[in-house]
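Below is one structure, written out as structure tokens; comments come after it.
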Amino acid sequence: RNLDNSIMSNRANDMSVSINPTRDLAIIGVPLYDQVFLFSFQWNSTNQDDWIPRLKRMDTSLQRNIAFGRSVAWIDQSTVAIVAFNINERPWAVSEVWVFAADASFTIPLFVFPNNQQPIAMLSSPVFIRIFSWSNNLYLQTEQERAILIQRSAPGYVSVEDNPSD
């Protein structure tokens, strides 16, 4: 089923890349296979052979056909966010952002957003097209032409959506 979709232009099968130049690491999401790759490289080396990315590990989602890796982003030096594009069994979202420790396997997330305690107030379930990160904050671009900013919060606290209509 996914292979047929990949032959046509299909947003769920787009690859995503995020580079962490401080750690000389890159993550690449391949949603067609529900896989995320972690590569190391040494751009500052004088030896050109060091410029070639080297595979550190490849992680496959424990769930199948969810387009895991649809978008990837480094949140900080030790944490990455990965979009699971097609989660059907959740009443609060079609897509989710899974957050992982970068130095551990990308199979069991530290946390998932949105979730039953942190839903997103939208008319329909959000579908995340892209995620971006800067200053440890996450920016989510949705299919419904809405952008969501998730601000960094201290451990044990959550970011709160400000709803001016309340």
Side-chain angles (χ1 to χ4, degrees), residues 1-20 23 25-39 55-134 136-153 155 157-161:
R1 176 178 160 255
N2 277 345
L3 189 55
D4 292 337
N5 288 338
S6 69
I7 295 170
M8 300 178 294
S9 176
N10 185 332
R11 277 194 304 208
N13 294 324
D14 290 347
M15 288 178 45
S16 180
V17 177
S18 184
I19 297 172
N20 183 327
R23 290 195 58 190
L25 295 173
I27 52 174
I28 299 175
V30 183
L32 177 64
Y33 300 113
D34 294 312
Q35 293 179 326
V36 174
F37 299 83
L38 181 66
F39 286 92
L55 180 63
K56 288 187 66 142
R57 72 170 193 268
M58 173 191 72
D59 294 314
T60 303
S61 171
L62 298 176
Q63 298 179 39
R64 305 303 299 155
N65 299 317
I66 62 169
F68 178 69
R70 169 64 180 85
S71 188
V72 296
W74 286 92
I75 296 174
D76 57 30
Q77 299 305 319
S78 61
T79 316
V80 297
I82 301 173
V83 167
F85 187 72
N86 188 26
I87 305 292
N88 292 323
E89 66 270 7
R90 307 280 200 274
W92 52 81
V94 175
S95 296
E96 294 176 337
V97 177
W98 296 2
V99 177
F100 298 91
D103 296 322
S105 171
F106 298 147
T107 53
I108 300 175
L110 299 171
F111 66 90
V112 175
F113 180 83
N115 56 57
N116 62 340
Q117 295 176 352
Q118 295 174 289
I120 297 176
M122 294 179 72
L123 294 176
S124 61
S125 294
V127 176
F128 301 130
I129 297 173
R130 297 260 187 265
I131 55 174
F132 306 95
S133 176
W134 75 99
N136 298 353
N137 301 304
L138 274 180
Y139 170 83
L140 311 174
Q141 180 185 6
T142 72
E143 193 174 66
Q144 295 95 346
E145 299 179 3
R146 183 172 177 190
I148 300 167
L149 174 65
I150 302 173
Q151 295 179 327
R152 182 177 85 180
S153 62
Y157 294 89
V158 297
S159 298
V160 177
E161 180 178 1

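Computed over heavy atoms, backbone and side chain alike; hydrogens, waters and symmetry mates excluded. We're numbering straight along the sequence, starting at 1. Bear in mind the structure is a predicted one, so any value in this text is a computation, not a measurement.
- The structure places CE of M15 at 12.5 Å from OG of S71, a figure rounded to the nearest 0.5 Å.
- To the nearest 0.5 Å, the span separating CD1 on I82 from CZ on F68 amounts to 4.0 Å.
- Counting heavy atoms from C-beta on, the side chains of I28 and Q35 never come closer than 4.5 Å.
- Using a 4.5 Å heavy-atom cutoff, the side chains of T142 and I148 are in contact.
- Tested against D34 for a side chain to side chain contact (heavy atoms under 4.5 Å, CB included), the candidates I66, L62, D59 yield a single pass: I66.
- Contact annotation: the side chain of N86 never approaches that of R70 to less than 4.5 Å [non-hydrogen atoms, C-beta and beyond].
- In this structure, the side chains of F113 and L138 stay at 4.5 Å or more apart for every pair of heavy atoms.
- L55 CG: more than 12 foreign heavy atoms inside a 6.0 Å radius.
- Between the side chain of S18 and the backbone N or O of I27, no donor-acceptor pair lies under 3.5 Å.
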(request) Carefully, step by step, assess V99 and T79 under the rule side-chain contact (heavy atoms from CB on, under 4.5 Å). (result) CA-CA 7 Å; V99 177; T79 316; 3.2 Å; yes

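- At distances below 3.5 Å, not a single donor-acceptor pair connects side-chain atoms of W98 with backbone N or O atoms of A84.
- In this view, N137 satisfies the side chain to side chain donor-acceptor pair (under 3.5 Å) rule with no residue, not counting sequence neighbours.
- Taking each heavy atom of Y33 and T60 in turn, the nearest pair found is O-CG2, 4.1 Å.
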